[in-house]
Amino acid sequence: MIKAKRGTKDIFKDEIYSWQWIEDAAKETFQNAGFAEIKTPIFEATELFNRGVGDSTDIINKEMYTFCAPKSDESITLRPENTASVVRAYIEHNMQRMSPPSKFWYFGPMFRYERPQAGRQRQFYQAGVEMFGVKEPLADAEVILCAVDFLDKLGLSNLEVELNSLGCNECKSEYRNSIKEAIRPYLDEMCDDCKVRFEKNPLRILDCKNDECKKVLEKINDVIYKDYICDNCKEHYEKLKSYLDDLNIKYIENKLLVRGLDYYTRTVFEIKSTSLGSQSAVCGGGRYDNLVETLGGMPTPAVGFAMGVERLCALIEKKQAPMLDYYIVSTKPNEAIKLAQKLRKEGKKVEFDLANKKFTKQLEKASKTANCALILDEEEIQGNFYSVKDLKTSEQYRIDNFKELL
RNA sequence: GCGGAUAUCGUCAAGUGGUUAAGACCUCGGAUUGUGGUUCCGAUAUGCGUGGGUUCGAGUCCCACUAUCCGCCCCA
């Protein structure tokens with residue numbers, strides 16, 4: 001017996017309707033805001049993610065599905081996220097020459113080799129947007145608005161927007177050094193993970209959940225909460241907050257919000273649900289003003305987010321299969337299939353019996369799956385009519401001359 | 001990678017070492033030969049995640065493996 005691999009799953013039956021509904025809502029919300037869909041390949045050159053996502057991240061270090069393409073020694077990786085791919089496409093197709101902003105949305109599977117858990121799969125789906133070419137905080141506000149609108153359309157509540165600014169390259173590294181120097185005397189008291197983070201990515205220590213580490217962080221609170229971001233970054237951040245205030249979008253400022261991907265600069269944000277377990281982040285994003293240049297393009301500011309579709313699916317009200325307009329009840333398959341063909345051409349959702357079931361069984365099936373039954377059997381064919389039975393009200397009426405209709 | 005729990009039909013489940021593995025839902029068939037959603041009757045696991053072991057006897061006890069779930073880590 002061959003089974004689906006660990007951390008992957010089949011999405012079908014009732015679940016697929018929730019899925020389709022989410023994808024439809026994403027398409028509508030994002031396209032209404034002027035984002036165009038982009039479908040990038042599921043695999044890319046490994047180098048793209050090494051450079052794009054950052055080599056201090058867990059994603060790069062232990063979670064990528066990397067392999068060699070057949071008959072070559074070229075290293076290929078299943079995409080662990082989509083931002084690097086979209087940036088690659090942006091550069092490759094010379095979209096910098098187009099009038100900014102360039103706005104994209106996407107929906108598709110990503111792959112990370114992690115231990116599966118509630119709301120975490122190895123093949124998981126993300127819906128997200130990326131916007132290129134606008135350095136002003138208005139773009140950050142637009143992107144956050146887009147995320148909030150989408151979640152609102154899904155009917156979700158119990159959500160919290162968390163917001164922080166990491167600063168630009170200069171103040172970010174200054175901040176990093178200050179944190180590093182502040183922590184250095186306490187390094188022995190910290191967990192093994194944090195000792196590694198200290199060397200590779202000190203800012204990640206800020207959201208360590210280890211109690212000992214938290215105690216250390218309290219000791220250096222004054223360093224953490226001191227404003228290290230430069231005047232320009234500060235102005236950017238303040239302006240963003242005022243836009244959000246004007247939009248009446250509530251947010252919580254969280255100095256410890258750092259995010260795991262290396263490419264973020266200035267604005268970072270997360271949207272969390274209080275109704276999920278430990279995998280509570282449904283949306284994460286921010287600004288990445290250096291990434292286009294890092295990947296070989298012209299310096300181009302950019303901002304975006306990604307949402308975890310499995311987590312959204314767990315939060316929304318369950319959806320069901322749409323009802324058929326008609327189920328054709330007939331033991332005359334030749335006539336039934338022709339009637340189905342005609343009605344489907346008119347855009348109706350129509351099914352008929354394919355399993356040679358008895359009349360009553362067909363009607364039973366109709367009552368479960370359709371709004372109306374079309375009754376077309378021996379008697380009707382003789383009399384050149386068929387009957388429409390409304391299965392809610394049990395009202396039944398005749399359509400005459402059905403042979404001419406076909 | 002680390003810690004904890006679980007594994008009996010498509011789904012939910014009873015089962016506490018002793019005949020033939022309850023029950024419910026779903027599905028299928030019949031009562032109803034052309035009128036459904038209610039009702040009634042019937043069918044459906046030679047099988048209890050996989051492989052070993054203990055025992056006269058194992059779904060039940062032991063060991064290993066695998067998978068799933070929950071948490072850590074990380075992230076969406």
Side-chain angles (χ1 to χ4, degrees), chain A residues 1 3-9 12-14 22 53 56-63 80-83 106-128 147 151 191-194 196-197 201 204 207-211 213 257-261 269-273 276-286 304-315 327 329-332 355 357-382 386-396:
Chain A
M1 182 68 159
K3 293 179 176 168
K5 293 303 293 176
R6 179 165 212 197
T8 70
K9 64 174 190 167
F12 67 118
K13 293 201 287 195
D14 288 350
I22 291 172
V53 178
S56 77
T57 62
D58 279 12
I59 293 177
I60 296 303
N61 287 310
K62 48 190 189 194
E63 295 178 1
E81 57 103 51
N82 209 12
T83 300
Y106 60 82
F107 186 105
M110 312 294 158
F111 305 84
R112 291 182 202 171
Y113 188 83
E114 293 184 279
R115 192 80 167 256
Q117 203 184 113
R120 188 189 338 181
Q121 297 280 309
R122 288 181 175 175
Q123 173 173 341
F124 62 103
Y125 287 72
Q126 287 190 332
L151 295 168
C191 69
D192 291 345
D193 285 334
C194 280
V196 176
R197 291 185 185 118
N201 194 352
R204 294 215 50 75
D207 63 5
C208 183
K209 314 293 186 298
N210 182 292
D211 285 340
C213 299
L257 177 62
V258 171
R259 305 205 41 78
L261 281 62
F269 67 97
E270 258 178 40
I271 303 177
K272 290 181 178 169
S273 169
L276 284 174
S278 65
Q279 312 303 321
S280 62
V282 296
C283 174
F305 66 76
M307 303 215 191
V309 179
E310 283 80 2
R311 293 176 192 179
L312 296 176
C313 204
L315 290 170
Y327 190 95
V329 174
S330 174
T331 55
K332 302 290 176 193
K357 293 202 168 129
K358 293 188 173 171
F359 188 93
T360 48
K361 292 295 175 190
Q362 289 191 31
L363 195 58
E364 189 179 333
K365 172 88 172 173
S367 72
K368 286 177 185 164
T369 59
N371 293 320
C372 291
L374 295 189
I375 297 165
L376 174 64
D377 221 354
E378 190 80 51
E379 188 186 322
E380 285 81 3
I381 292 165
Q382 294 291 325
Y386 66 85
S387 300
V388 179
K389 180 179 180 114
D390 185 312
L391 292 160
K392 298 263 168 354
T393 63
S394 295
E395 282 169 35
Q396 191 165 330

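Chain identifiers are assigned alphabetically (A, B, ...) following the order of the sequence lines, protein sequences preceding nucleic acid strands; residue numbering begins at 1 within each chain.
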Engineer: Take atom P in U60(B) and the same atom in A64(B), then report the distance between them in whole Å.
Structural biologist: 16 Å
Engineer: If anything within 90° of 0 is syn and all else is anti, what is G42(B)?
Structural biologist: anti
Engineer: Give me the distance, rounded to whole Å, that separates A21(B) from A67(B) when you measure between the P atoms they each carry.
Structural biologist: 31 Å
Engineer: What is the pairing partner of G37(B), taking Watson-Crick or G-U wobble pairs with both distances under 3.5 Å in any strand?
Structural biologist: none
Engineer: Under a 4.0 Å threshold between the charged nitrogen and the carboxylate oxygen, would Glu114(A) count as salt-bridged to Arg122(A)?
Structural biologist: no
Engineer: I need the CD-C1' distance between Gln117(A) and A67(B), as an integer number of Å.
Structural biologist: 16 Å
Engineer: Gln362(A) side chain to Lys357(A) main-chain N or O, any donor-acceptor pair under 3.5 Å?
Structural biologist: yes
Engineer: What is the per-nucleotide protein-contact pattern of nucleotides 35-40 of chain B, from the 5' end, where B denotes a base atom under 4.0 Å from a protein heavy atom, S denotes such proximity for sugar-phosphate atoms only, and - denotes neither?
Structural biologist: BBB---
Engineer: Which is true for Glu378(A) with a 4.0 Å heavy-atom rule: it touches a base, it touches only sugar-phosphate, or it touches nothing?
Structural biologist: base
Engineer: Look through every strand shown and name the nucleotide pairing with A5(B) as Watson-Crick or G-U wobble, where both distances are under 3.5 Å.
Structural biologist: U68(B)
Engineer: Phe124(A) ring centre to Arg112(A) NZ or CZ under 6.0 Å, with the angle to the axis within 45°?
Structural biologist: no
Engineer: What is the nucleic acid contact for Gly285(A), judged by heavy atoms within less than 4.0 Å: base, sugar-phosphate only, or nothing?
Structural biologist: nothing
Engineer: What distance, rounded to whole Å, do you find between the two P atoms, one in G3(B) and one in G18(B)?
Structural biologist: 35 Å
Engineer: Suppose we call a contact any N or O donor and acceptor under 3.5 Å apart; does that hold for the side chain of Arg115(A) and the base of C75(B)?
Structural biologist: no
Engineer: Let me know the distance between NZ of Lys361(A) and C1' of G30(B), rounded to the nearest Å.
Structural biologist: 7 Å
Engineer: Do Lys389(A) and Glu395(A) sit within salt-bridge range, that is, some charged N less than 4.0 Å from a carboxylate O?
Structural biologist: no
Engineer: Can you tell me how far P of C69(B) sits from CD of Glu114(A), to the nearest Å?
Structural biologist: 14 Å
Engineer: Rounding to an integer number of angstrom, what distance separates U6(B) and A14(B) when you compare their P atoms?
Structural biologist: 14 Å
Engineer: Whole-Å distance between C69(B) P and Arg122(A) CZ?
Structural biologist: 11 Å
Engineer: G30(B), OP1 or OP2 - any side-chain N/O from Lys358(A) closer than 4.0 Å?
Structural biologist: yes
Engineer: Between C75(B) atom P and Tyr113(A) atom OH, what is the distance in whole Å?
Structural biologist: 18 Å
Engineer: Distance check, C1' atoms only: A7(B) and C12(B), in whole angstrom units.
Structural biologist: 15 Å
Engineer: From the options C28(B), C70(B), C75(B), select the nucleotide whose nearest atom is closest to the side chain of Lys357(A).
Structural biologist: C28(B)
Engineer: Expressed as a whole number of angstroms, how long is the span from Arg6(A):CZ to C69(B):C1'?
Structural biologist: 10 Å
Engineer: Going by purine N1 to pyrimidine N3 plus the second Watson-Crick contact, or the G-U wobble pair, all under 3.5 Å, which nucleotide sits opposite G17(B)?
Structural biologist: none
Engineer: Does the plane of the ring in Phe269(A) sit parallel, tilted or perpendicular to the ring in Phe305(A)? Use 30° and 60° as the thresholds.
Structural biologist: perpendicular
Engineer: Hunt down the Watson-Crick or G-U wobble partner of C75(B), both distances under 3.5 Å, from any strand shown, or write none.
Structural biologist: none
Engineer: Between Phe107(A) and Ala127(A), which heavy-atom pair has the shortest distance, and what is it?
Structural biologist: CD1-CB, 3.7 Å
Engineer: Taking atom P in both G23(B) and C61(B), what distance in whole Å separates the two?
Structural biologist: 24 Å
Engineer: What does Ala366(A) touch in the nucleic acid at a heavy-atom separation under 4.0 angstrom: a base, only the sugar-phosphate, or nothing?
Structural biologist: nothing
Engineer: Ile271(A) CD1 to A76(B) P: how many Å, rounded?
Structural biologist: 13 Å
Engineer: Round to the nearest Å and state the distance from Asp14(A) atom CG to C26(B) atom P.
Structural biologist: 14 Å
Engineer: Does the structure show a Watson-Crick or G-U wobble partner for G10(B), both distances under 3.5 Å? Name it, or say none.
Structural biologist: C25(B)
Engineer: For RNA chain B, whose closest nucleotide is more 5', that of Lys13(A) or that of Asp58(A)?
Structural biologist: Lys13(A)
Engineer: Looking only at heavy atoms, what is the nearest atom pair of Leu391(A) and Cys372(A), with distance?
Structural biologist: CD1-C, 3.7 Å
Engineer: Considering every strand and a 4.0 Å limit on heavy-atom distances, what is the contact class for Gln279(A): base, sugar-phosphate, or nothing?
Structural biologist: base
Engineer: Mind checking the P distance from A58(B) to U16(B)? Whole angstroms is fine.
Structural biologist: 16 Å
Engineer: Considering only atom C1', compute the distance from G4(B) to U8(B) and round it to an integer number of Å.
Structural biologist: 23 Å
Engineer: In this structure, are over 12 heavy atoms from other groups packed under 6.0 Å from Tyr113(A) atom OH?
Structural biologist: no
Engineer: Applying side chain to side chain donor-acceptor pair (under 3.5 Å) to Gln279(A) and Gln117(A), what does each step give before you reach the verdict?
Structural biologist: CA-CA 8 Å; Gln279(A) 312 303 321; Gln117(A) 203 184 113; 2.5 Å; yes
